[in-house]
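First comes the structure, then the notes that go with it.
Atom set for the values below is all heavy atoms of this structure, side chains included, hydrogens, waters and symmetry mates excluded. So that the names make sense, note that chain A is the first sequence line, chain B the second, and so on, each numbered from 1.
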Amino acid sequence: MTIANVIVDVPASSINQTFDYTIPERFRDILQPGMRVIVPFGPRKVMGYVVSLADESSFDKLKELADVLDLTPILTPELLDLGKWLAEETLSLYITAYQAMLPQVLKANYKKELERLRQDSLSSELEAFFAGRDFVPYEELDNGHVRFSKVQKAIQDGDITVHYLVKSRVTKKYVTYLEPAREPHLLEEALQDMSDRAKKQQQLLTFFIEQPQEIKLKTVMKKFNTTRATINTLISKGLLRSFRQEVYRNPYAQTQFDRTEPLELTSEQHEAIKPVLHRIRDHAHEVFLLHGVTGSGKTEIYLQTIQEVIDRGEEAIVLVPEISLTPQMVNRFKARFGSNVAVLHSGLSQGEKYDEWRRVQQNEVQVVVGARSAVFAPFENLGIIIIDEEHETSYKQEDQPRYHARDVAIHRGDYHHCPVVLGSATPALESYARAHKGVYNLQTLSKRTNDKAMPDVHVVDMREELHAGNRTMFSRHLKESMEQRISRGEQVVLLLNRRGYSTFVMCRECGHVRECPHCDIALTFHKHSNQLRCHYCSYEEPVPMYCPMCSSDLIRFFGTGTQRIEEALTQLMPEVRLLRMDVDTTQRKGAHEKLLNQFANQEADILLGTQMIAKGLDFENVTLVGVLTADSMLNLPDFRASEKTFQLLTQVSGRAGRHDLPGEVIVQTYTPDHYSIELASRYDYWQFYQQEMKMRKRFQYPPYMFLSLVTISHENHVTAIQTAQQIAKQLWKYVRQDTVILGPTPSPIARVKDRYRYQCMIKYKHEPELRALINKIIRQFADDMRKRDLQISVDMQPYQLM
DNA sequence: AGCACGCCGACT
DNA sequence: GTCGGCGTGCTC
């Protein structure tokens, strides 16, 4: 094989194809598909992935590839295929798909530098620029001390040249070791000759004479309470030697895990696990939907199926939503499988993520627990893929490639002939419908393992509170119940369903709301920096003292953020110890864990937070869960609003009274009769499913129809509309009779970063050629996209309709 | 994307 | 003449 087919790291649709390069002799034996290479691309050099090798090319002026970055492939043949499939499925670029499958640090870092080629006769301007150096980073041109044209001229004249560098971001961690550099008897001699004043050196030498093995430098420094200086002296005398050894960063090094043994399964669990184990043993692909109420022991089923996979020498992937990747969750896996587990989540540093990924790649672990992107873990003998809380929307990636981890998991499960288990107490409607139709194998766990009843749910009608003259955020029932529980030494969790709320700033005089100058959205107030901030473009400005419209000083903060609740609660119940958990208080690394620990140690009576407290937390002493605004999501223009409300209420109810103390849930709402709230309060998933399916059918939404969303954006309002109209027209022309094109309509946020956004929604039952059609239509606008900065993006099966 | 090339008006 | 701005085409 003399030719490499390479996908280059240039994210442009005109480059979305393989480029061929001849393989220099020295790389012929080692180069394999799945390795990263550096290739010349036009005048510069870029990184690329070798997707295949060949003996000939249809292109006749081939260049040689410049370098090979990996010793072994970082993408397996399966992942190479998967990336291709993913790109085509989501209408993304191949390069974007491959990048999404790998840790950030494996991405290339591009640098340019200037080299002076002659030591004489540079103009004084350039001489000053180089300042005695032969190589200068290109960015120094921006300092403005040298004119760009001068440099350009010098490049043309051959006095200077530009180097295009492709650097790796990989940082490896090393530990330094010390060992004696000479035979013990020679050290002995040196010790005799040593000055009496060099006490520390003597101690060190004595130590190494007695113990001539290698030892960590850090340990030595600690043991003898000394510094590098002393040791360096001994090294420079040639008595000791230091060397560095690469180590993996281990984010869980400090934590002790008590090993747990498999638990006895209930008969229900037993029934549910049996068919999964069969599939593992038969090496057969099947998708299971494990529908189990909170506390029914889904995790134990995961653990025991994984054990079977491990025993067979195969590997397992467990996906968990980002927000429930808490230490509690991780511990359960580490406790069962010890160091055989790698964990991948966003809380790790880039280096830590890379190290965990490498433990997978080098077959050092058999289990990965991680968020969405862990579905790409480079295992080669997958025995099972588990997706916990499969209904969670965070499994859908919201930027390119817009994939759903569930689809990827099923595709991989099919390839590896292994089962995929989707677990949830409140399955996504799509999943349950498939299970109901027999596409997925449905397994139900209806009982909690401890036989405890689910806590009672009280729905409080907040309209009545208002009529009764209670204008606070807390109903009388909630307030009384909180006081009662806290006086008994029990704990309370309060959930603010914040979606749909933000803390914006409004003038009470003229009603002016401060909006982002670049986006059509109100700015959000951030207390700690006292700034207004745009969540879409990161624009920031200080909070105005006076209204910019009418100069009034009656500026007020609106909305119902956790901060405001905290203040209101402190006024209402001044004695209470309160912990607030939201984006603001959990930004710092480890803050999340610290807050939870504080609560677990009963250093607070109330934990107040957003969605992130609804998942997986398990506190013995919590007996009351209050949902402050259950219907805040229901009014959003989202056909999944009811589903999300039902899911959230069910999840959060599972947080109360999981142990000996009986629990209670209080749900505050302005729409107590809404079926999602009413049925969630009765834990009736089946009724909810049927009711919601009726709605979806009536309004022609998934799972009855598929959706695809095309978004068009341009800085010129008219161009955006017109293009959107043309696209809609084209779509109408070619789609089937029963397919509907909605729009163009302005996106819910009509302008972001000074670009106007319009969208067309495609609703269809069966459109096998839709991807090809959309591609064809987009290609017609290729010219405008490049020359006039028109952007068209496509989301197949969108979750967020904006 | 990011670079070079080529055309054009403007200016030391 | 030469500088720098922008539109256009190409990248194995």
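For residues 98-121 of chain A, the ring-ring contact (aromatic ring centres under 6.0 Å, His included) pairs, not counting sequence neighbours, are A/Tyr49-A/Tyr98.
Contact between the side-chain N/O atoms of A/Lys112 and the OP1/OP2 oxygens of B/dG2 is not found at any separation under 4.0 Å.
The residue A/Tyr164 sits close only to the backbone: its heavy atoms come under 4.0 Å of sugar-phosphate atoms, none of a base. Nucleic acid contact class of A/Lys153 (heavy atoms, under 4.0 Å, all strands): none.
Of the residues listed (A/Asp70, A/Asp67, A/Asp9), the one engaging A/Arg36 in a side-chain hydrogen bond (donor to acceptor under 3.5 Å, both in side chains) is A/Asp70, and it is the only one.
Because its NZ or CZ atom is both nearer than 6.0 Å to the ring centre of A/Tyr799 and within 45° of the ring axis, A/Arg640 counts as a cation-pi partner of that residue.
A salt bridge links A/Arg514 with A/Glu541: at least one charged nitrogen is closer than 4.0 Å to a carboxylate oxygen. The pair A/Asp81-A/Lys84 does not count as a salt bridge, with every side-chain nitrogen at least 4.0 angstrom from each carboxylate oxygen.
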Open item on the list: I'd like to compare against my own output: the B/S/- annotation of nucleotides 7-12 of chain C with a strict under-4.0 Å heavy-atom distance to protein.
Closed with: -SBBBB
Open item on the list: Please encode protein proximity along nucleotides 7-12 of chain B as a string of B, S and -, counting only heavy-atom distances under 4.0 Å.
Closed with: ------
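A/Arg402 is listed as a side-chain neighbour of A/Lys396, based on a closest heavy-atom distance under 4.5 Å.
Atom CG of A/Asp789 is separated from atom C1' of C/dC6 by 15 Å (rounded to the nearest Å). Atom CD1 of A/Ile95 and atom P of B/dG2 are 13 Å apart (whole Å). In this structure, A/Lys45 places its NZ atom 15 Å from C1' of B/dC3, rounding to the nearest Å. As a whole-Å value, the separation of A/Lys107 NZ from B/dA1 C1' is 14 Å.
Within the 3.5 Å criterion, the main-chain N or O of A/Phe130 finds a donor-acceptor partner in the side chain of A/Arg133.
Aromatic ring orientation, A/Phe135 versus A/His163: tilted (interplanar angle from 30° to 60°).
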